[in-house]
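Here's the structure we're looking at; comments come further down.
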Amino acid sequence: MPAPIRLRELIRTIRTARTQAEEREMIQKECAAIRSSFREEDNTYRCRNVAKLLYMHMLGYPAHFGQLECLKLIASQKFTDKRIGYLGAMLLLDERQDVHLLMTNCIKNDLNHSTQYVQGLALCTLGCMGSSEMCRDLAGEVEKLLKTSNSYLRKKAALCAVHVIRKVPELMEMFLPATKNLLSEKNHGVLHTSVVLLTEMCERSPDMLAHFRKNEKLVPQLVRILKNLIMSGYSPEHDVSGISDPFLQVRILRLLRILGKGDDDSSEAMNDILAQVATNTETSKNVGNAILYETVLTIMDIKSESGLRVLAINILGRFLLNNDKNIRYVALTSLLKTVQTDHNAVQRHRSTIVDCLKDLDVSIKRRAMELSFALVNGNNIRGMMKELLYFLDSCDPEFKADCASGVFLAAEKYAPSKRWHIDTIMRVLTTAGSYVRDDSVPNLIQLITNSVEMHAYTVQRLYKALLDDISQQPLVQVASWCIGEYGDLLVSGQCEEEEPIQVTEDEVLDVLEGLLVSNLSTPVTRGYALTAIMKLSTRFTSVNRIKKVVSIYGSSIDVELQQRAVEYNALFKKYDHMRPALLERMPIMEKTASNGPTEIVQTNGEAEPSVVEAKHPPPVTQPTNQANDLLDLLGGNDVVPVIQTTVPTKPASAGGELLDLLGDLSLSGGPAPAPATSVPSSQPAFLLDGLTSPPLFNDIAAAGIPPMTAYNKNGLKIDFTFERANPNPNIAVITIHASNSTEADMTDFVFQAAVPKTFQLQLLSPSSNVVPTLNQGTVTQVIRVLNPQKQQLRMRIKLTYTHKGSAVQDLAEVNNFPPQSWQ
Amino acid sequence: MQFMLLFSRQGKLRLQKWYVPLSDKEKKKITRELVQTVLARKPKMCSFLEWRDLKIVYKRYASLYFCCAIEDQDNELITLEIIHRYVELLDKYFGSVCELDIIFNFEKAYFILDEFLLGGEAQETSKKNVLKAIEQADLLQENIDFQMRLFAGMVVPNMASESSGLFQN
């Protein structure tokens with residue numbers, strides 16, 4: 001059989017292939033030849049063949065059939081074979097294969113070989129890819145070599161030990177004695193690897209760390225070595241651009257960091273050398289800066305005196321002005337880490353940091369942006385915001401979302417005035433409107449609602465923005481909502497802050513209708529627009545136009561729009577008397593989740609989408625939940641998915657406790673369980689403007705079932721009114737009305753109900769949990785009972801409340817349901 | 001250091017050294033993605049980027065990209081120096097190294113790397129010492145073969161050509 005072709009020959013041949021297919025063909029041919037050669041157990045050419053296999057492996061072709069051959073090469077006595085064999089092992093084998101364990105014996109033998117280069121190969125392979133089993137087996141050999149006087153082997157053994165410790169941490173102890181004189185070596189290789197080993201041990205074990213601090217007096221030794229490096233003259237062997245062994249310097253500084261962290265004595269001992277390195281290191285080349293960088297990191301981490309810390313931050317400040325972008329990057333990263341602890345020192349470099357916003361490099365820009373937000377405070381908000389808004393205008397799309405969120409957060413925390421705040425929001429919406437996060441829309445709406453005096457100004461500005469551009473959805477949504485709410489202010493030209501514009505009702509409706517038909521509007525936006533138009537029916541006079549629009553959309557293909565339109569139609573027709581109350585101005589909203597106090601971590605600095613709750617100053621304004629039921633009655637079950645989930649407030653817990661108390665109960669879930677955080681959730685809430693009073697329900701409970709008194713004791717009276725739910729006649733909708741004839745309020749009022757097993761019960765949120773005194777108002781709550789078997793309805797109720805300072809609890813059975821309610 | 005990759009401007013891998021245990025499939029995936037990411041960078045950008053949970057340090061020398069993945073606590077700037085030192089070693093060894101040298105002598109490139117780094121850390125900070133060790137190891141290969149050729153009757157046919165075939169151009 002002819003000799004297998006040489007490696008270089010193969011490489012040359014493969015490189016001549018013009019297509020992937022051609023290359024593949026060549027490779028397959030050669031692999032076949034190699035395979036048969038392996039089968040022949042040919043010792044002579046095994047090395048050559050494996051080398052070729054390794055080349056083909058690098059090109060991406062499978063080479064697993066060469067694994068065993070590598071082992072044979074390792075076992076060979078020829079140095080050539082071993083070299084390629086070990087290389088092959090490192091490339092083709094890894095600890096996932098069982099095959100590699102077969103290496104253990106070979107490595108063990110080679111670790112004791114007479115030739116140091118063979119020992120070196122073995123140490124290298126073990127230290128690169130040894131598995132835990134191998135490490136366990138061979139740790140003793142490594143430890144032995146760690147004590148040898150041969151520096152070539154000693155340095156390799158040290159790094160091998162690092163690998164062993166990483167794989168089998170329990171073995172760390174056994175290397176401890178060998179570390180005793182490591183640092184007294186003159187050889188830099190041994191010094192460097194020893195420092196790495198000591199670092200690994202200190203990082204892994206606090207006991208080791210303490211030991212090295214106290215017993216071994218590691219810090220003085222390291223300080224001495226570092227000093228020698230700096231002070232000694234030119235040493236050609238280790239010199240890099242005029243600095244002596246920067247690699248070793250950096251590793252020593254890193255170990256010092258670990259030793260000094262949290263320890264006063266150690267930190268004290270290294271103060272001087274750190275100051276020396278910080279001031280004397282050449283900064284013209286990357287090498288010097290690498291050392292300075294490590295020094296700064298160390299200074300910031302240990303218990304250094306304030307002078308030293310200021311020195312460190314100033315070094316970082318100088319880095320920021322360096323031409324080398326890598327240095328600038330590193331500086332910004334470090335400043336970001338220290339901005340919390342050394343805020344004032346970093347503030348001094350604020351203008352340089354802000355300049356970095358204009359850098360060309362993406363990573364630098366991002367760091368600068370994060371750092372800028374971290375530096376914003378009440379004093380510099382105006383100036384900083386100007387820069388940040390300018391950045392928002394011109395930055396890449398990948399930044400816009402984070403920047404916008406950051407701006408909103410900062411504005412909320414430090415806004416010097418409401419008008420400034422609204423202006424800032426407007427600016428963000430108009431410049432980066434499409435990148436603004438979805439959950440900022442409800443936040444902004446809430447903010448605007450609560451800035452009562454700015455309503456006219458806000459709606460005017462938003463209207464003008466809409467005239468310019470309707471493509472940015474968040475802007476459009478906020479604007480529609482505001483126009484719906486404050487359209488009357490817009491038309492009456494009441495703006496104080498700026499020149500009021502002349503706008504007619506028709507023009508406003510034109511704009512809103514334009515949104516409905518535009519291709520640019522998303523379904524969500526259309527929903528906002530339709531609702532806004534509807535709201536204007538109580539604020540504008542051109543009701544007929546609005547009626548027409550609403551009825552058109554009653555046959556819209558978009559189910560969401562259709563549903564709304566149908567309901568609004570119903571409002572016009574059957575429930576017109578309720579319309580003004582229903583579409584009243586929204587009250588001030590309470591914000592639930594507030595932002596975290598200090599860090600503005602851009603990725604998740606956004607506040608929770610605010611759960612919109614209407615305040616319940618008893619007994620006047622009406623709760624969202626009444627309207628909830630109203631909409632149910634109108635047949636719109638799916639419209640307000642979130643209302644049912646908006647209920648993680650106290651009233652809802654009534655349902656939860658119900659489950660606990662009355663185990664055989666099953667609460668039927670609501671028909672449309674949409675998650676509270678989804679975008680559509682924000683809108684239905686706004687449908688629910690206040691209603692006026694509970695007696696509404698008496699009008700609606702027109703199903704003909706007589707009401708009844710379920711409970712009447714100690715001044716608390718609970719009446720039930722009934723309604724059949726469409727379309728399911730098996731569901732009885734009962735509304736309880738709790739009234740209080742005593743002279744004191746009943747607070748913390750909780751109503752709970754349980755029904756027999758064949759029924760299913762759902763309790764919706766109550767209107768409030770205070771039953772006001774002397775029948776001044778009632779608490780209402782809706783119960784839906786599913787009665788598929790048409791059995792006689794029975795119920796057990798539990799009432800708890802606080803009256804005149806004491807807690808009251810009562811249980812009662814309700815058996816007097818009128819037959820029509822369950823038949 | 002977790003791994004080092006050398007690749008050309010067309011994305012062809014010239015050397016891969018892994019210091020963490022990963023399956024072949026994972027290695028291929030990482031290589032593919034990282035090569036794509038680095039090649040997409042513009043010349044004016046800095047040498048560092050964040051990729052997954054690692055810091056990537058890369059530098060281009062002529063037609064070759066040298067790319068290292070380091071951990072959070074590692075110093076990016078000194079890693080640049082490590083890369084530079086490796087290039088210097090290759091340069092001294094091959095005499096004005098170019099990509100072709102590394103293609104045709106990839107096993108030597110590995111040997112040199114393995115004398116400079118071990119387990120992802122530098123084992124020798126003196127350029128002279130690394131080169132000396134490589135030189136000695138190369139000699140050892142040739143010496144043994146030379147000695148074996150001297151022994152009559154022990155010569156295996158084509159042995160000389162085999163060894164020279166591997167390490168000669």
Side-chain angles (χ1 to χ4, degrees), chain A residues 3 6-8 11 44-45 47-48 51 54-55 58 60 78-80 83-84 87 94-96 115 117 120 123-124 127-129 131 152 155-156 159-160 162-163 188-189 192-193 196 237-238 240 245-248 250 254 286-287 289-290 293-294 325-330 360-364, chain B residues 12-19 21-24 28 42 44-50 73 75-78 80-82 84-85 103-104 106-107 110-111 114-115 118-129 133 136-137 140-141 144-145 156-159 161-163 165-169:
Chain A
R6 298 183 195 159
L7 171 65
R8 293 207 170 52
I11 297 178
T44 325
Y45 297 114
C47 186
R48 183 186 289 188
L54 292 180
Y55 177 72
M58 184 144 65
K78 294 206 296 232
F79 184 66
T80 313
R83 239 183 166 186
I84 293 290
L87 179 62
D94 61 60
E95 49 181 65
R96 287 136 199 273
T115 312
Y117 296 105
L123 280 168
C124 181
C128 181
M129 44 89 71
S131 65
Y152 177 78
K155 71 188 188 198
K156 290 182 193 270
L159 289 180
C160 201
V162 170
H163 180 83
H188 280 225
H192 185 272
T193 57
V196 174
E237 198 176 330
H238 299 111
V240 180
D245 207 337
F247 304 106
L248 183 55
V250 164
R254 185 162 150 184
N286 182 58
V287 201
N289 289 322
Y293 176 41
E294 197 74 35
K325 47 194 156 5
N326 293 333
I327 310 275
R328 292 204 298 275
Y329 176 91
V330 146
L360 293 164
D361 183 296
V362 171
S363 315
I364 291 183
Chain B
K12 289 208 116 122
L13 200 59
R14 299 299 178 205
L15 188 145
Q16 50 173 333
K17 189 75 188 179
W18 298 84
Y19 296 110
L22 289 168
S23 72
D24 232 16
K28 281 208 169 114
K42 304 196 196 72
K44 281 269 191 278
M45 295 177 133
C46 71
S47 297
F48 314 128
L49 61 107
E50 276 112 31
Q73 331 84 290
N75 183 325
E76 294 97 319
L77 298 178
I78 207 75
L80 278 176
E81 293 299 319
I82 297 231
H84 191 73
R85 173 56 65 88
I103 294 172
F104 280 95
F106 70 93
E107 82 280 7
Y110 275 110
F111 296 152
D114 285 338
E115 278 301 325
L118 199 158
E121 304 282 349
Q123 56 180 287
E124 181 56 66
T125 56
S126 153
K127 229 186 324 192
K128 190 178 84 179
N129 286 349
Q136 298 285 358
L140 191 61
Q141 269 180 208
I144 287 183
D145 300 336
V156 179
N158 292 323
M159 196 167 162
S161 55
E162 177 214 351
S163 57
L166 203 50
F167 296 106
Q168 240 178 44
N169 272 335

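Order of the sequence lines fixes the chain letters, A, B, ..., with proteins taken first and strands second; residue numbering starts at 1 for each chain.
Each of B:M45, B:K44, B:E124, B:K28 has some count of heavy-atom pairs under 4.5 Å with chain A, and the biggest count is that of B:M45. By number of non-hydrogen pairs under 4.5 angstrom with chain A, the leading residue of B:L13, B:D24, B:I78, B:I82 is B:I78. Comparing B:C46, B:A133, B:S23, B:S126 by heavy-atom pairs within less than 4.5 Å of chain A, the highest count is held by B:C46. Most heavy-atom pairs under 4.5 Å with chain A: of the set B:K12, B:K127, B:R85, this distinction falls to B:R85. Options B:K42, B:E50, B:Q16 differ in how many heavy-atom pairs under 4.5 Å they form with chain A, and the most are formed by B:E50. For the set B:Y19, B:F48, B:Y110, B:W18, the count of heavy-atom pairs under 4.5 angstrom toward chain A peaks at B:F48. By number of non-hydrogen pairs under 4.5 angstrom with chain B, the leading residue of A:L360, A:I364, A:V330 is A:V330. The residue among A:N289, A:V240, A:D245 with the most heavy atom pairs within less than 4.5 Å of chain B is A:D245.
With a 4.5 angstrom heavy-atom cutoff, B:R14 touches chain A via backbone and side-chain atoms both. The contact between B:F106 and chain A is made entirely by side chain atoms (from C-beta outward), counting heavy-atom distances below 4.5 Å. Of the two parts of A:V196, only the side chain, counted from C-beta on, holds a non-hydrogen atom closer than 4.5 Å to a non-hydrogen atom of chain B. Contacts of B:K17 with chain A are made by side-chain atoms alone, with heavy-atom separations under 4.5 Å and no backbone atom involved. Contacts between A:N286 and chain B at a heavy-atom distance below 4.5 Å involve backbone atoms as well as side-chain atoms. Interface residue A:H188: backbone and side-chain heavy atoms are both found under 4.5 Å from chain B. With a 4.5 Å cut-off on non-hydrogen atoms, A:M58 touches chain B through its backbone and its side chain both. Of the two parts of B:K128, only the side chain, counted from C-beta on, holds a non-hydrogen atom closer than 4.5 Å to a non-hydrogen atom of chain A. Residue A:T115 touches chain B through its side chain alone, counting heavy-atom pairs closer than 4.5 Å. Within the 4.5 angstrom heavy-atom criterion, atoms from both the backbone and the side chain of A:Y55 approach chain B.
Atoms CG and CG, from B:L49 and A:D361 in turn, are 9.5 Å apart once rounded to the nearest 0.5 Å. To the nearest 0.5 angstrom, A:F247 atom CZ is 7.5 Å from B:T125 atom OG1. Note that the NZ atom of A:K155 and the CG atom of B:N129 stand 6.0 Å from one another [nearest 0.5 Å]. With rounding to the nearest 0.5 Å, the separation of OH in A:Y329 from CG in B:L77 is 11.0 Å. Atom CD1 of A:I84 and atom CD of B:Q141 lie 7.5 Å apart (nearest 0.5 Å). Rounding to the nearest 0.5 angstrom, the gap separating the CD atom in A:E294 from the CG atom in B:N75 is 4.5 Å.
Closest approach of A:R83 to B:A137, counting heavy atoms only: NH2-CB, 3.3 Å.
Residues A:R48 and B:E107 are not paired through a salt bridge, judged by the lack of any N-O separation under 4.0 Å between the basic side chain and the carboxylate. Salt-bridge formation is detected for the pair A:K156/B:E115: a Lys NZ or Arg NE/NH1/NH2 atom is positioned less than 4.0 Å from an Asp or Glu carboxylate oxygen.
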message = Using side chain to side chain donor-acceptor pair (under 3.5 Å), reason through B:E76 and A:N326 one step at a time and then give a plain yes or no.
response = CA-CA 9 Å; B:E76 294 97 319; A:N326 293 333; over 6 Å; no
